[in-house]
Amino acid sequence: MNDLCEGIVFLGLAGIIDPPRKETIKAIQSCQQAGITVKMITGDNVETAKAIVYEMGIGGGQKALQGLDLQKMSDEEMERVVKEYDIFARTSPEHKLRLVNALQKDGAICAMTGDGVNDAPALKKADLGIAMGIKGTEVTKDAAEMVLADDNFSTIEAAVEEGRRVYDNLKKQFSIYYRRMGQKVF
């Protein structure tokens with residue numbers, strides 16, 4: 001063991017940070033204002049996840065569960081905590097799938113984003129699976145209904161906004177049509 005320490009010179013330490021994009025923070029705020037709950041389900045360390053979530057403005061950035069916690073829970077417990085927590089760290093593909101199931105069982109329409117093979121089962125099960133087109137694996141892209149060309153969360157927010165605009169226009173057009181026909185619809 002002592003021979004490992006001989007001849008070694010400490011040169012320095014490097015730290016790397018990958019801050020969230022400003023447009024992503026704004027997109028999350030827009031989603032929240034529109035009634036969309038954003039949650040982080042990640043394989044990252046819980047402290048890393050908390051820091052990222054805090055910077056992004058998701059929930060309070062403090063309450064988190066780890067995969068080991070989820071592993072011990074029944075499906076009923078999972079349904080309860082998925083409403084209460086916004087951060088799920090050190091999760092496995094099975095945990096992600098169970099979280100999507102729990103959200104759907106509660107009646108939520110669930111969209112899931114991902115880029116790795118480990119995300120594919122949850123993407124497939126979600127009401128809308130969204131894969132990253134640049135960093136995403138082919139397995140993930142095949143499992144998803146939507147593939148983002150730019151890997152940017154703000155693109156999802158823009159798509160939701162446009163979809164809601166189209167839906168509102170369709171409702172207006174059907175309402176006009178049925179009024180002309182003498183029937184009440186909406």
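Counting begins at 1 with the first residue of the sequence. Side chains are part of it too, since the values below use all heavy atoms of this structure and drop only hydrogens, waters and symmetry mates.
Separating the CG atom in Leu97 from the NZ atom in Lys124 is a distance of 12.5 Å, to the nearest 0.5 Å. Taken to the nearest 0.5 Å, the CD1 atom of Ile25 stands 9.5 Å off from the CD1 atom of Ile58. Considering CD1 of Ile28 and CE of Met40, their distance stands at 8.0 Å, rounded to 0.5 Å. Separating the OG atom in Ser92 from the CZ atom in Arg98 is a distance of 9.0 Å, to the nearest 0.5 Å. Rounding to the nearest 0.5 Å gives a distance of 11.0 Å between CD1 of Ile87 and OG1 of Thr48. Once rounded to the nearest 0.5 Å, the distance linking CD of Glu94 with CG of Asn118 reads 13.0 Å.
Residue Met73 is grouped with residue Leu99 when hydrophobic side chains (ILVMFWY) are merged at heavy-atom distances under 4.5 angstrom, including chains of intermediate members. The same ILVMFWY cluster, assembled from side-chain heavy atoms under 4.5 Å apart, contains both Ile156 and Ile52. Cluster membership for Leu128 and Val147, using ILVMFWY side-chain heavy atoms within less than 4.5 angstrom, is not shared. Residues Val38 and Ile41 are members of separate hydrophobic clusters, defined by side-chain heavy-atom contacts under 4.5 angstrom among Ile, Leu, Val, Met, Phe, Trp and Tyr. With hydrophobic clusters built from ILVMFWY side chains whose heavy atoms lie under 4.5 angstrom apart, Val46 does not share a cluster with Phe88.
By the side-chain contact (heavy atoms from CB on, under 4.5 Å) test, Ile36 is found to be paired with Cys31, Val160, Arg164, residues two or more places apart in sequence or in another chain being considered.
For residues 37-48, the set of pairs meeting the salt bridge (charged side-chain N to carboxylate O under 4.0 Å, His left out) definition, not counting sequence neighbours, comprises Lys39-Asp86, Glu47-Lys50. Among residues at least two apart or in separate chains, salt bridge (charged side-chain N to carboxylate O under 4.0 Å, His left out) pairs with a member in residues 106-119 are Lys83-Asp106, Lys96-Asp119.
Using a distance-only test at 3.5 Å, with no hydrogens or angles considered, no donor-acceptor pair links the side chain of Asp142 to the main chain of Val139. Here the side chain of Ser175 pairs no donor or acceptor atom with the backbone of Lys171 at under 3.5 angstrom. With hydrogens and angles disregarded, a donor-acceptor distance shorter than 3.5 Å links the side chain of Asp127 to the backbone of Cys110. At least one donor-acceptor pair closer than 3.5 Å links the side chain of Gln32 to the backbone N or O of Gly57. Using a distance-only test at 3.5 Å, with no hydrogens or angles considered, no donor-acceptor pair links the side chain of Glu79 to the main chain of Ala102. Here the side chain of Asp151 pairs a donor or acceptor atom with the backbone of Gly133 at under 3.5 angstrom.
Within a 6.0 Å radius of NZ in Lys135, other residues, nucleotides and ligands contribute 12 heavy atoms or fewer. Surrounding CG of Leu68 are at most 12 heavy atoms belonging to other residues, nucleotides or ligands under 6.0 Å away.
Closest of all the heavy-atom pairs between Ala143 and Ala120 is CB-O, 3.7 Å. In this structure, Thr42 and Ala49 approach most closely via the heavy-atom pair CG2-CB, 3.9 Å. The two residues Ala27 and Phe153 come nearest to each other via the heavy atoms CB-CD2, 3.8 Å.
For Glu23 and Lys26, the salt-bridge test fails: no basic side-chain N is under 4.0 Å from an acidic carboxylate O. Between Lys141 and Glu138, at least one side-chain N (NZ, or NE/NH1/NH2) sits under 4.0 Å from a carboxylate O, which counts as a salt bridge.
Contact of the Met78 side chain with the Leu70 side chain is registered, since non-hydrogen atoms from C-beta on lie closer than 4.5 Å. By the 4.5 Å heavy-atom criterion applied to side chains, Val53 and Met56 are not counted as neighbours. Using a 4.5 Å heavy-atom cutoff, the side chains of Thr140 and Leu123 are in contact. You'll find the side chain of Met112 stays beyond 4.5 Å of the side chain of Ile130, heavy atoms only.
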| Going through the checks in order, is the salt bridge (Lys or Arg N to Asp or Glu O under 4.0 Å) test met by Arg80 and Glu77? | CA-CA 5 Å; Arg80 183 182 50 77; Glu77 289 172 307; 5.0 Å; no
| query | After noting the C-alpha distance and the side-chain angles of Asn169 and Lys172, does the key distance pass the side-chain contact (heavy atoms from CB on, under 4.5 Å) rule? | reply | CA-CA 5 Å; Asn169 287 337; Lys172 288 175 191 171; 4.2 Å; yes
